[in-house]
Q: 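Below is one structure. I have some questions about it.
All chains are named by letter (A, B, ...) in the order of the sequence lines, taking the proteins before the strands, and each is independently numbered beginning at 1.
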Amino acid sequence: MIKVSNVSKIYKNHMKALNDISVAIEDGEFVYVVGHSGAGKSTFIKLLYREERATHGSVIVNDLDLTKIPNHRVHKYRRTIGVVFQDFKLLPNLTAYENVAYALEVHGEDAETIRRKVKDSLELVGLLDKMKQFPNQLSGGEQQRVAIARAIVNKPTLLIADEPTGNLDPVTSQSVMEVLEEINRRGTTVVMATHDIHLVNESRKRTLTFENGVVINDAKEGGYFYDDEVL
Amino acid sequence: MMMKYFRMATRHWREAFKGIWRHRMLAFSAVLSVAVALFLTSFLVLVVLNVNNVTDNLEKDIKIYATIQKDTSAEAVDALIGNTKTVTNIIEVQYKTADQELDDLILSYGEDGKIFESYRSDNPLKATLTFTLNDASLAQKTVEDLKAFPELDKIQYGQETAENIIKIFDTVQQFGAIVVAAVMVVAVVLISNTIRMAIMARRTEIEIMRLVGASNFFIRWPFILEGLLIGLMGAIIPIGLTVVGYTQLYSYLTNEGQLTLVRLAEPSTVLLGISLFILGVGALVGILGSLFSMTRFLKK
């Protein structure tokens with residue numbers, strides 16, 4: 001469970017990105033985070049994978065207060081979650097298989113475990129047949145699915161996706177969404193920041209709308225909310 | 001667990017070698033600079049070791065010379081020798097008559113010494129006593145003790161000469177230490193730059209490592225090893241030069257009979273120690289250079 005309580009975030013340049021927000025997300029939920037650029041959604045996402053630390057308030061994920069864990073222990077928390085980005089963040093000189101395996105290698109897993117887990121993960125995103133290809137030999141959607149495979153290879157309880165479809169066309173976006181929904185169906189909580197109005201309105205999942213650093217709407221049944229109207 | 005650490009270690013070393021290869025020109029300049037710094041260090045350490053050797057010998061050689069009053073009788077000289085032997089710190093007393101002193105003088109001038117033969121009939125020189133000391137540092141005190149004997153005329157020892165030589169060697173050492181420190185700083189900066197380039201080149205990879213939960217140690221190890229390798233490679237060259245150069249110099253000075261004033265320490269007694277020392281300093285400089293860059297560019 002994620003419990004964000006009275007959180008504010010003020011950056012070093014005195015910019016206030018979040019202003020006293022409180023949000024609770026249950027295990028197994030799929031939640032969209034939407035809002036204009038600068039609304040605070042990226043900061044909210046960064047707090048969840050502890051790239052940033054809240055200035056005030058508490059961010060509790062799976063009973064762990066992220067505002068209290070010291071920098072040198074963040075890696076232990078990160079091993080329990082998965083993160084996906086708009087720009088995929090794949091290593092160009094590694095194959096799809098090696099990119100996914102990388103997440104396990106840094107933990108010192110043995111070769112057999114790595115082989116088994118990577119194949120499971122690539123199978124889930126439908127890319128087992130392309131595991132020997134390098135990122136530049138894959139389409140944008142496929143690259144994003146490799147990134148998702150890497151994010152879930154450790155079987156995280158929480159998957160955080162920051163604009164995962166931002167660089168993709170609508171059809172490809174749909175295929176990525178299907179993968180994320182499948183992962184969610186298997187029990188992983190998914191929190192996804194997006195700008196894509198159509199995506200949000202089509203799939204009708206809980207949607208948090210940010211504006212000027214506050215949550216202006218928490219739509220349990222989904223829908224992109226802005227200026228007092230659901231688009 | 002052991003297997004896990006072994007896997008990790010293998011990976012870190014592989015990454016470290018890859019990093020050096022990727023920035024080989026920069027790494028090469030860092031290795032060269034470490035080599036220059038360490039060669040100077042090695043040279044300086046050898047000078048220090050041998051200076052200590054020479055000054056030890058000089059101090060050991062410090063003797064007190066005293067002339068005996070002209071009118072002292074033979075019995076009084078015998079008594080004087082006996083009595084001075086009992087003075088603390090004196091272990092040996094050597095007596096030379098005035099004639100023996102003249103012989104020495106004539107000999108020391110070689111062919112030209114014959115000119116002094118005319119003094120045989122009326123020798124202006126005095127008989128002397130030479131005192132060998134147990135502890136050279138107590139020479140001044142012994143001189144004071146000897147002044148109690150009225151038969152002794154002038155009492156002197158080579159303190160000033162020894163002290164002057166030691167002072168010159170001290171200055172050489174201090175100047176050398178400053179030069180070595182300066183070159184060492186340049187070496188650390190160069191290694192630090194090499195590591196910085198390695199960090200920059202792997203920025204995306206480091207970001208991904210962080211995201212997938214790699215520990216700080218895991219991220220840092222390859223860079224520490226890279227610095228260590230550069231330091232060690234930089235140490236091998238000066239070690240080789242020192243071993244070969246010093247052995248050659250020692251055998252030249254010994255075989256050619258050149259070894260009169262300066263007695264070099266034996267290679268077997270100094271070379272292993274100095275090689276390990278240089279290797280250690282190389283490793284330390286390498287690791288320092290890495291840490292320097294990491295604290296600046298790998299903060300979080």
Side-chain angles (χ1 to χ4, degrees), chain A residues 45-46 48-53 69-85 87-94 98-114 117-118 121 135 146-156 158-162, chain B residues 1-24 26-27 195-226 287 290-300:
Chain A
I45 290 287
K46 282 178 181 171
L48 293 184
Y49 64 90
R50 194 33 183 80
E51 179 67 12
E52 296 289 346
R53 200 200 287 254
I69 53 172
N71 284 343
H72 68 274
R73 300 199 54 94
V74 169
H75 70 278
K76 297 218 165 175
Y77 166 65
R78 295 242 173 104
R79 289 178 187 185
T80 67
I81 63 166
V83 193
V84 180
F85 295 92
D87 59 358
F88 322 134
K89 296 199 191 298
L90 297 177
L91 291 166
N93 52 340
L94 302 184
E98 289 165 341
N99 263 290
V100 179
Y102 194 77
L104 297 167
E105 276 172 15
V106 301
H107 304 167
E109 297 275 12
D110 63 272
E112 183 46 43
T113 310
I114 291 176
K117 286 187 174 178
V118 172
S121 198
V146 173
I148 293 170
R150 183 182 63 196
I152 59 165
V153 74
N154 276 312
K155 304 238 180 296
L158 169 65
L159 178 64
I160 299 160
D162 192 2
Chain B
M1 202 60 170
M2 280 302 289
M3 279 306 290
K4 180 176 171 176
Y5 285 125
F6 179 72
R7 270 198 304 277
M8 296 266 208
T10 313
R11 185 183 187 284
H12 293 328
W13 280 108
R14 199 177 55 228
E15 291 301 320
F17 277 109
K18 260 199 230 168
I20 288 177
W21 182 248
R22 210 177 284 154
H23 304 288
R24 48 194 173 277
L26 206 62
I195 303 300
R196 184 171 65 93
M197 290 297 288
I199 291 172
M200 294 298 172
R202 296 181 61 197
R203 187 162 264 183
T204 312
E205 195 179 342
I206 291 168
E207 192 186 350
I208 293 166
M209 277 198 249
R210 286 194 194 289
L211 285 173
V212 297
S215 68
N216 275 342
F217 268 125
F218 185 89
I219 295 170
R220 283 164 187 239
W221 264 116
F223 299 116
I224 293 176
L225 293 179
E226 196 172 325
I287 291 172
S290 295
L291 292 177
F292 219 62
S293 262
M294 285 193 299
T295 39
R296 283 171 69 199
F297 301 102
L298 272 179
K299 272 204 168 135
K300 278 199 277 183

Q: Taking A:H72 for its side chain and B:F217 for its backbone only, find out whether a donor-acceptor pair lies under 3.5 Å.
A: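 Side chain of A:H72 to backbone of B:F217: no pair is present.
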
Q: Is there a side-chain contact between A:H75 and B:I219 (heavy atoms, below 4.5 Å)?
A: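 A:H75 vs B:I219: side chains apart.
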
Q: Contact part of A:L90 toward chain B, heavy-atom cut-off under 4.5 Å: side chain, backbone, both or neither?
A: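 Answer is backbone: N, CA, C or O of A:L90 sit under 4.5 Å from chain B.
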
Q: Are B:M209 and A:Y102 side-chain neighbours, meaning at least one heavy-atom pair lies under 4.5 Å?
A: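 In short, these two side chains touch, coming nearer than 4.5 Å.
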
Q: Sequence neighbours left out, what passes ring pair (Phe, Tyr, Trp, His ring centres under 6.0 Å) with B:F292? Give chain and number order.
A: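 B:F292 satisfies ring pair (Phe, Tyr, Trp, His ring centres under 6.0 Å) with no other residue.
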
Q: Taking ring pair (Phe, Tyr, Trp, His ring centres under 6.0 Å) as the test, write out the residues that go with A:F85, two or more places apart.
A: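 Applying ring pair (Phe, Tyr, Trp, His ring centres under 6.0 Å) to A:F85 gives A:Y49.
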
Q: Please classify the contact between A:E109 and chain B as side chain, backbone, both or neither, with a heavy-atom cut-off of under 4.5 Å.
A: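 When you check distances to chain B, only backbone atoms of A:E109 fall under 4.5 Å.
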
Q: Under 4.5 Å heavy-atom distance to chain B, tell me which part of A:R50 shows up: side chain, backbone, both or neither.
A: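 No part of A:R50 comes within 4.5 Å of chain B.
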
Q: When only pairs under 4.5 Å are counted, which of A:R150, A:K89, A:E105 shares the most heavy-atom pairs with chain B?
A: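 Maximum pair count with chain B is reached by A:K89.
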
Q: Can you tell me how far CZ of A:R78 sits from OG of B:S215, rounded to the nearest 0.5 angstrom?
A: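 Interatomic distance, B:S215 OG to A:R78 CZ, rounded to 0.5 Å: 12.5 Å.
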
Q: More than 12 non-hydrogen atoms from neighbouring residues, nucleotides or ligands closer than 6.0 Å to CE on B:M8, yes or no?
A: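 Yes, the 6.0 Å shell around CE holds more than 12 heavy atoms from other groups.
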
Q: Answer yes or no: are there more than 12 heavy-atom neighbours, outside B:R24 itself, under 6.0 Å from its atom CZ?
A: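 Correct, the count exceeds 12.
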
